[in-house]
Amino acid sequence: MDRFLLVACLIFSVTAYSQPVKLDKPATAGLSNGSSDRDFWLEQLDRIARPVIYNLAHDELKKNMPLVLSKRSDNPPLRTQTAYLEAFARVLSGIAPWLNGEGGSPKEMALRDQYRQWILPAVTHAVNPAAKDYMAWDKPGQTLVDASFFALSFLRCPWLWEHLDTSARRQVIDALRLTRNTRPGFSNWLLFSGMIEVFFSEVGAPWDEMRVDYSIRQLDQWYKGDGVYSDGPAYHWDYYNSYVIHPYLTEIVNLVNQKKGAYKELTDKLKARDERYAIIQERLINADGSFPATGRSIVYRGGAFHPHRGGNTDPHRSDDDSPRPGGSRRVRQRVGR
């Protein structure tokens with residue numbers, strides 16, 4: 001169940017592009033009076049996700065979400081068009097494991113039920129060309145990135161795909177197919193195309209196995225040792241190992257391995273690399289919960305701990321160097337608070 005904690009790691013762009021709109025008091029308000037850690041994270045989830053999901057569910061995200069772009073934005077017109085998908089897709093991929101879960105306190109279950117009621121029309125509006133909130137699926141560049149997070153959401157939350165109606169499912173596939181017109185950069189972007197094709201494979205749609213194979217093999221070639229990949233031919237120190245490379249590569253390989261029995265030789269290697277990188281990250285965290293903001297895209301450094309998703313990596317080790325359950329979660333609590 002603690003996989004839902006990665007919501008704090010995936011909300012890269014909501015705070016960069018939007019300001020919360022006026023809504024009723026969050027359902028979790030007052031939940032963490034003298035609170036538990038889980039109550040705290042539920043409040044963060046609701047605080048960040050509600051403005052995006054609620055408005056999109058009512059087909060009013062573009063109407064109510066203010067845009068704030070940097071004066072040094074590389075392409076303001078395009079960024080304005082793609083900002084809505086960026087906000088929605090990354091929020092959805094963050095809360096997807098929690099949406100797929102069950103149980104919890106009565107308040108948590110009620111909150112999950114509310115989000116499940118919102119998320120189905122939200123997805124429908126995002127992919128329906130007749131909706132006011134239809135997303136910019138046909139735009140080049142950035143759309144490929146965020147479409148991959150959208151695809152990842154369904155892989156993390158099978159409940160969502162199962163409960164979409166037939167028309168919405170078809171429109172999801174149609175929307176994601178439009179991203180094939182974008183050639184990914186020779187970098188971690190190869191994984192964005194790979195993730196979308198894996199989604200097609202999982203839902204029974206025609207998929208391009210070559211795009212998946214290329215992304216896996218090329219990223220494997222860029223492994224530099226000690227848990228770190230270069231993001232393209234040249235190595236540079238930033239958090240893209242966290243934002244994309246470790247979580248995406250592991251997710252893609254595991255899913256293809258389950259489906260086709262391919263890349264079995266990589267599975268153990270990736271697990272060891274993921275754990276080594278997680279150990280390095282943990283040791284960069286100070287006692288007060290702060291950590292270095294290095295490299296590009298530091299505005300969404302809240303995603304720096306994306307690889308620490310429950311059950312995949314747990315860097316907090318015991319004396320015999322074996323994983324100790326819950327250690328990574330305790331470290332993230334300090335960072336989050």
Side-chain angles (χ1 to χ4, degrees), residues 1-57 61 65 68 86-119 122 149 152-153 156-157 239 242-243 247 281-282 285-286 288-291 293 297-311 326-337:
M1 282 291 290
D2 85 308
R3 282 194 68 187
F4 95 98
L5 295 178
L6 68 91
V7 64
C9 300
L10 285 180
I11 312 307
F12 296 163
S13 56
V14 178
T15 53
Y17 284 119
S18 68
Q19 302 297 323
V21 297
K22 280 193 173 182
L23 295 173
D24 293 337
K25 202 171 187 180
T28 51
L31 186 64
S32 62
N33 195 1
S35 67
S36 72
D37 289 332
R38 191 170 187 85
D39 291 341
F40 169 79
W41 285 109
L42 280 168
E43 287 190 355
Q44 304 313 304
L45 181 155
D46 193 31
R47 174 174 170 264
I48 295 171
R50 180 176 287 247
V52 177
I53 304 302
Y54 173 89
N55 280 282
L56 186 54
L61 182 63
M65 177 176 149
V68 181
E86 190 166 4
F88 173 52
R90 303 199 192 200
V91 165
L92 182 57
S93 65
I95 69 173
W98 176 73
L99 281 175
N100 197 58
E102 300 292 344
S105 69
K107 285 188 177 181
E108 179 177 347
M109 290 190 289
L111 185 66
R112 185 186 292 110
D113 287 344
Q114 176 63 83
Y115 272 89
R116 284 178 171 181
Q117 291 174 30
W118 286 337
I119 204 64
F149 281 97
L152 176 59
S153 303
R156 287 176 168 168
C157 183
Y239 283 112
S242 301
Y243 300 148
Q281 283 203 294
E282 179 189 347
I285 301 171
N286 294 314
D288 64 357
S290 63
F291 61 95
S297 301
I298 59 173
V299 70
Y300 44 76
R301 58 190 175 274
F305 300 96
H306 188 182
H308 296 242
R309 57 210 189 281
S328 177
R329 184 174 63 250
R330 288 190 292 274
V331 171
R332 285 176 287 159
Q333 299 294 357
R334 179 59 61 89
V335 173
R337 287 185 180 272

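Heavy-atom basis, side chains included; hydrogens, waters and symmetry copies ignored. Everything numeric here is computed off the predicted structure, so don't read it as measured data. Residue numbers start at 1 and run along the sequence shown.
- For the residue pair Tyr243 and Gly303, the shortest heavy atom distance occurs at CD2-O, 3.5 Å.
- In this structure, Met109 and Gly103 approach most closely via the heavy-atom pair CG-O, 3.2 Å.
- Listed by chain and residue number, Trp98, Trp118 satisfy the ring-ring contact (aromatic ring centres under 6.0 Å, His included) test with Tyr115 (two or more places apart in sequence, or in another chain).
- Annotation for Arg156 and Ser93: closest pair NH1-O, 3.2 Å, computed over non-hydrogen atoms.
- Residues passing the side chain to side chain contact (heavy atoms under 4.5 Å, CB included) test with Ala110: none are found, sequence neighbours excluded.
- Judged by distance alone, with hydrogens and angles left aside, the side-chain atoms of Asn55 form a donor-acceptor pair with the main-chain N or O of Pro51 at under 3.5 Å.
- Contact check on Glu43 versus Lys107 returns no salt bridge, with no Lys/Arg side-chain nitrogen under 4.0 Å from an Asp/Glu carboxylate oxygen.
- For Asn286 (side chain) and Asp288 (main-chain N/O), no donor-acceptor pair under 3.5 Å exists by modelled atom type.
- The two residues Ala87 and Met65 have their closest heavy-atom pair at CB-CE, 3.9 Å.
- A heavy-atom distance below 4.5 Å is found between the side chains of Leu99 and Leu92.
- From Leu45, atom CG reaches atom CD of Glu108 across 9.0 Å, with rounding to the nearest 0.5 Å.
- Under the rule for a side-chain hydrogen bond (donor to acceptor under 3.5 Å, both in side chains), Asp113 has no partner lying at least two apart in sequence or in another chain.
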Exercise. When you look at Arg50 and Leu111, which way does the side chain to side chain contact (heavy atoms under 4.5 Å, CB included) test go after all the steps?
Worked result: CA-CA 11 Å; Arg50 180 176 287 247; Leu111 185 66; 4.0 Å; yes
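- Atoms CD and CZ, on Glu282 and Phe291 in that order, are 13.5 Å from each other to the nearest 0.5 Å.
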For this session: Would you sort out whether Leu61 and Tyr54 count as a side chain to side chain contact (heavy atoms under 4.5 Å, CB included), showing the intermediate values?
Result: CA-CA 8 Å; Leu61 182 63; Tyr54 173 89; over 6 Å; no
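- The OG atom of Ser105 sits 7.0 Å away from the CG atom of Leu42 when rounded to the nearest 0.5 Å.
- Residue Pro247 comes nearest to His306 through the heavy atom pair CG-ND1, 3.4 Å, listed as atom of the first residue, atom of the second, then distance.
- Considering only residues two or more places apart in sequence or on other chains, Ala89 meets the side chain to side chain contact (heavy atoms under 4.5 Å, CB included) condition with Leu85, Asp146, Phe149, Phe150.
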